[in-house]
Amino acid sequence: MEDKKKVIFSGIQPSGNLTIGNYYGAIKNWVKLQDEYDCFYCVVDMHAITVRQEPKDLRRRTLEVLSLYVAAGVDPDKNTLFIQSHVPAHAEIAWLLNCYTYIGELSRMTQFKDKSARYGDASVSAGLFDYPALMAGDILLYNTDLVPVGIDQKQHIELTRDLAERFNNIYSPTLTIPEIYLGETGAKVMDLQEPTKKMSKSSDNPNSYILMMDPAEVIRKKISRSVTDSIGVVKYSDEQPGIKNLMTLLNCATGMSFEAMEKKYEGQGYAQFKIDVAEALIADLEPIQKRARELVEDKEQLEAIYRKGADKASAVANKTVRKMMKKIGFIPR
Ligand code: TYM
């Protein structure tokens with residue numbers, strides 16, 4: 001009998017246009033892992049509403065994100081691709097896990113602290129606070145072994161592990177304890193203007209990020225304007241966070257090693273290096289952009305993908321919720 005494949009779950013919020021941080025930190029690894037694992041890749045629209053969304057933008061972005069998954073090479077025939085709100089078990093497990101999550105734990109989450117500082121207390125919803133319980137639920141529903149994400153999600157994955165262990169200890173082994181998967185490079189793509197900060201799709205300054213759908217001339221402009229330093233040497237060093245980030249991007253786009261880059265650009269300053277980074281990103285992204293533009297117009301194909309995905313996901317997810325409910329002491333229907 002064939003060995004059962006290990007399970008992967010990951011997701012992206014349709015709360016903005018995806019950046020190359022989302023691509024190199026998450027999606028590109030999903031593509032790499034899809035043959036070896038049984039993968040569930042989700043558009044987490046329920047997470048997106050933890051901050052206010054314009055309904056028509058949310059609808060459009062949800063389908064754009066799904067199109068980008070497929071366009072980037074996540075094969076809908078091999079993987080389960082779906083939209084979170086289509087599988088009600090996500091809402092159910094979030095409630096269950098809520099009751100095993102402490103306020104203290106949620107208060108320590110840095111993403112919550114950052115976002116609540118940005119939006120101000122008056123508009124911080126209970127959903128934003130509780131978001132990690134929903135995320136833990138996403139992962140635990142599928143008996144997930146591995147979660148490929150960027151490093152900013154590490155704290156949420158650790159909480160997920162704690163919640164699963166807590167549940168298993170109170171009752172009996174029920175939930176699989178997942179592990180984080182971080183790519184060798186690209187797990188933290190930095191802001192092009194402030195390279196000590198993470199690149200984010202919610203930044204107010206468009207020069208600070210590159211979108212997966214940015215046209216070539218925009219990419220060239222943003223890279224040429226990216227903040228570097230006055231040292232003038234292409235070297236992978238913490239003292240040169242801007243250059244380190246551009247080297248990371250070049251590595252993510254081409255696979256070229258940092259040593260090879262240091263050698264190639266020795267004594268040349270930054271001009272040619274920046275041009276090459278921009279061209280490498282363009283070459284990596286253009287085929288994806290072309291496929292994504294076609295796919296997002298093909299509503300029928302997208303519908304077929306997310307419907308089939310929701311059916312497959314529901315079958316697994318419902319089983320986990322039923323198992324948990326039984327252990328908790330709910331009467332089976
Ligand atoms: P989100 O939507 O903010 O980001 C999606 C994925 O992109 C990664 N990422 C980055 N990686 C490297 N460098 C960056 N600058 C960068 N910016 C974003 C994120 O780490 C993430 O992998 N809570 C999650 C969504 C989520 C989820 C889940 C993920 C909900 N449920 C279950 C995994 C499993 C989030 O807000 O990601």
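Both counts, for ligands and for their atoms, begin at 1 and track the order of listing. Note that the coordinates shown come from a computational prediction; the quantities given were computed from them, not determined experimentally.
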Based purely on interatomic distance, does Met135 place a nitrogen or oxygen under 3.5 Å from a nitrogen or oxygen of ligand 1?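 Looking only at distances, the answer is no, because the N/O contact criterion of under 3.5 Å is not met.
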
My understanding is that only residues two or more places apart in sequence, or in another chain, count here; which of them pass ring-ring contact (aromatic ring centres under 6.0 Å, His included) with Phe112? Phe129

Which residue and atom name correspond to the protein heavy atom nearest [atom], and how close is it?
{"atom": "atom 13 (N) of ligand 1", "answer": "Val189 N, 2.8 Å"}
{"atom": "atom 25 (C) of ligand 1", "answer": "Gly11 O, 3.6 Å"}
{"atom": "atom 18 (C) of ligand 1", "answer": "Asn22 ND2, 3.2 Å"}
{"atom": "atom 37 (O) of ligand 1", "answer": "Gln153 NE2, 3.7 Å"}
{"atom": "atom 31 (N) of ligand 1", "answer": "Asp138 OD2, 2.6 Å"}
{"atom": "atom 17 (N) of ligand 1", "answer": "Met199 O, 3.7 Å"}
{"atom": "atom 20 (O) of ligand 1", "answer": "Asp152 OD1, 2.4 Å"}
{"atom": "atom 11 (N) of ligand 1", "answer": "Gly21 O, 3.1 Å"}

Ion pair check, [X] and [Y], cut-off under 4.0 Å:
{"X": "Asp152", "Y": "Lys188", "answer": "no"}
{"X": "Glu217", "Y": "Lys221", "answer": "no"}
{"X": "Glu239", "Y": "Lys244", "answer": "no"}
{"X": "Glu158", "Y": "Arg108", "answer": "no"}
{"X": "Asp77", "Y": "Lys308", "answer": "yes"}

Which of the atoms of ligand 1 are close to [X], meaning less than 4.0 Å from one of its heavy atoms?
{"X": "Gly25", "result": "11 (N), 12 (C)"}
{"X": "Lys198", "result": "14 (C), 15 (N)"}
{"X": "Ala187", "result": "11 (N), 12 (C), 13 (N)"}
{"X": "Lys201", "result": "1 (P), 2 (O), 3 (O)"}
{"X": "Val147", "result": "33 (C), 34 (C)"}
{"X": "Ala26", "result": "6 (C), 7 (O), 22 (O)"}
{"X": "Ser10", "result": "33 (C), 34 (C)"}
{"X": "Lys188", "result": "12 (C), 13 (N)"}

Does NZ in Lys235 sit with more than 12 non-hydrogen atoms of other residues, nucleotides or ligands closer than 6.0 Å?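 Check fails, neighbour count at 12 or below.
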
May I ask whether Gly186 has any heavy atom positioned less than 4.0 angstrom from an atom of ligand 1?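 Gly186 counts as a contact of ligand 1 under the 4.0 Å cut-off.
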
Contact between Gln84 and ligand 1, counting heavy atoms under 4.0 Å? no

So which of Tyr142, Trp95, Phe40 actually passes ring-ring contact (aromatic ring centres under 6.0 Å, His included) with His90? Tyr142

If we check ring-ring contact (aromatic ring centres under 6.0 Å, His included) with Trp30, which of these qualifies: Tyr37, Tyr41, Tyr23?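 Among the candidates, only Tyr41 passes.
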
Apply salt bridge (charged side-chain N to carboxylate O under 4.0 Å, His left out) to the pair Glu303 and Lys299, showing each step before the final yes or no. CA-CA 6 Å; Glu303 201 175 292; Lys299 297 282 182 282; over 6 Å; no

What part of His47, side chain, backbone, both or neither, has a heavy atom within less than 4.0 angstrom of ligand 1?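 It is the side chain that gets close, since no backbone atom is under 4.0 Å.
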
Heavy-atom distances under 4.0 Å are what count here, so tell me which part of Thr19 touches ligand 1: side chain, backbone, both or neither.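 None of Thr19 does.
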
Between Tyr131, Tyr41, Phe9, Tyr23, flag the one that comes closest to atom 32 (C) of ligand 1 by a heavy atom. Phe9

What's the verdict on salt bridge (charged side-chain N to carboxylate O under 4.0 Å, His left out) for Lys6 and Glu179, showing C-alpha distance, side-chain angles and the deciding distance? CA-CA 12 Å; Lys6 289 199 165 192; Glu179 275 179 46; over 6 Å; no

Checking Asp284 side chain against Ala280 main chain: does a donor-acceptor pair fall under 3.5 Å? no

If hydrophobic clusters are built from ILVMFWY residues whose side chains come within less than 4.5 Å, do Val74 and Leu285 share one? yes

